Amino acid sequence: MELVAFFVIAVVAVVSALGLVLRRNPIHGALFLVVNLGCVAVLYLLLGAEFLALAQVIIYAGAIMVLFVFAIMVLIPGKEETGPDPLRSQRLLALPLGALLLFEIGLILHSSVFMGAPHPGVRPGSAAPPTAAGGIQSVGRLLLGDYLLPFEVTSVLLLAALVGVLALAKRRAG
Amino acid sequence: MVPESYYTVLSAILFTIGVVGVLVRRNPLVIFMSIELMLNAANLALVAFGHRAGTADAQVLVFFVMTVAAAEVAVGLAIIVAIFRLQRRLSVDELSIMRW
């Protein structure tokens, strides 16, 4: 059952990612990306990461994509990517290069993940890792315990981004 | 129970699609969205590995990646808007100046 759900979600995710790359209209691409982010959120749920699934929907599908759609609406020239492509020969190289990259990643995964020994964190004696390790409770404890300093630094980062965006977006006088 | 290797394979496929998107497209907004796609694929692999290791640390890391991505998108879109204001066109092939 879980396997069936995974394959359905995986197919939807790959198709929506291809839609983002192949559609000419950036708005369609943005909507495809929303579908893709939702699929990844469901995969997080399947992996038992409820907190991340919610954060994915709120931060990515909610905040970031609204920003993208807003920017597309502001900037859209209507006719996107028209005219002859000056770098067509280079772009045709992208597909074989992408296939090569996928092959390399597959090779690395094959040698290190599928065939490799179990993670050093998982002792051979305790075959099943603790199932409750990924719950919201443990994430919250880690976030406000071991990772408290990075968590606070994140707020400084967001403030810096806020000030930077204001400085960039401000129209220069005259 | 889905094996974690399936998630890593899916993550590799999504990452490659994002790379091809960055290489093929000319609109900086679409290139930016492809970068988000790659970030998501990396996050998915990270969560899958964390699931395999049985710890929640990977989830905290992914949460930080999401926050940094939010900041990155805000600044990046502001830069794209500023470039558009200066040049009135959006094509990465023509954006060769590094000053104004």
Side-chain angles (χ1 to χ4, degrees), chain A residues 2-3 6 10 13-14 17-18 20-21 26 29-30 33 36-37 40 43-44 46-49 51-52 55 59 63-64 67-68 71-72 75 77 80-81 86-87 91 94 98 101-102 105-106 109 113-114 119 121-122 129-130 133-134 138-139 142-143 147 150 154 157-158 161 164-165 168-169, chain B residues 1-2 4-10 12-21 23-27 29-30 32-34 36-37 40 43-44 47-57 59-60 62-64 66-71 73-75 77-82 84 89-91 93:
Chain A
E2 216 171 296
L3 208 61
F6 172 80
V14 170
L18 284 174
L20 162 68
V21 173
L33 187 55
N36 189 281
L37 297 175
V40 175
L43 291 177
Y44 287 161
L46 281 179
L47 279 169
F51 173 70
L52 279 186
I59 299 178
I64 294 184
L67 211 56
F68 264 114
I72 293 171
L75 300 182
E80 187 250 342
E81 295 188 10
L87 298 174
R91 289 217 162 70
L101 177 71
L102 190 60
I105 296 177
L109 284 180
V113 179
F114 300 156
H119 189 274
V122 183
S138 55
V139 173
L142 276 176
L143 205 55
Y147 294 94
T154 299
L157 173 77
L158 288 176
V165 168
L168 274 173
Chain B
M1 197 61 209
V2 187
E4 278 84 18
S5 53
Y6 288 14
Y7 288 98
T8 49
V9 169
L10 176 64
I13 293 172
L14 288 179
F15 188 88
T16 310
I17 293 174
V19 170
V20 171
L23 290 176
V24 166
R25 299 304 298 264
R26 275 186 282 172
N27 188 328
L29 287 165
V30 180
F32 212 179
M33 287 194 275
S34 300
E36 292 303 311
L37 193 64
N40 254 283
N43 279 351
L44 183 62
V47 175
F49 289 139
H51 185 72
R52 178 189 171 103
T55 65
D57 292 56
Q59 293 187 36
V60 178
V62 169
F63 176 69
F64 287 135
M66 277 184 190
T67 335
V68 174
V73 165
V75 176
L77 285 178
I79 291 175
I80 291 177
V81 170
F84 182 72
R89 56 175 185 264
L90 273 180
S91 175
D93 295 338

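Note that the coordinates shown come from a computational prediction; the quantities given were computed from them, not determined experimentally. Throughout, a chain's letter reflects where its sequence line sits, starting with A, and its residues are numbered from 1.
For a residue to count as touching a neighbouring chain, one of its non-hydrogen atoms must lie under 4.5 Å from one of that chain's; by this rule B/L44 touches chain A with backbone and side chain alike. For B/F15, the part lying near chain A is the side chain, with the backbone staying farther off; criterion is any non-hydrogen pair under 4.5 Å. Residue B/V75 touches chain A through both its backbone and its side chain, counting heavy-atom pairs closer than 4.5 Å. Both the backbone and the side chain of B/L29 come within contact range of chain A, judged by heavy atoms closer than 4.5 Å.
Here the rule is side chain to side chain contact (heavy atoms under 4.5 Å, CB included) with B/I17, and of A/N36, A/V14, A/L102 only A/V14 fits it.
If you tally non-hydrogen atom pairs under 4.5 Å between each of A/G164, A/A161, A/A63 and chain B, the highest count goes to A/A161. When the candidates A/L33, A/L47, A/L43, A/L37 are compared by the number of heavy-atom contacts under 4.5 Å with chain B, A/L47 comes out ahead. Per-residue counts of heavy-atom pairs under 4.5 Å with chain A were compared for B/I79, B/I13, B/V19, B/D57; the largest is that of B/D57.
Residues A/V40 and B/N43 are not in side-chain contact: their nearest non-hydrogen atoms beyond the backbone lie 4.5 Å or more apart. The shortest side-chain heavy-atom distance between B/V60 and A/F51 does not fall under the 4.5 Å cut-off. Counting heavy atoms from C-beta outward, A/V139 and B/F63 have side chains that stay 4.5 Å or more apart.
Using cut-offs of 30° and 60° on the angle between ring planes, the pair A/F68 and B/F32 is perpendicular.
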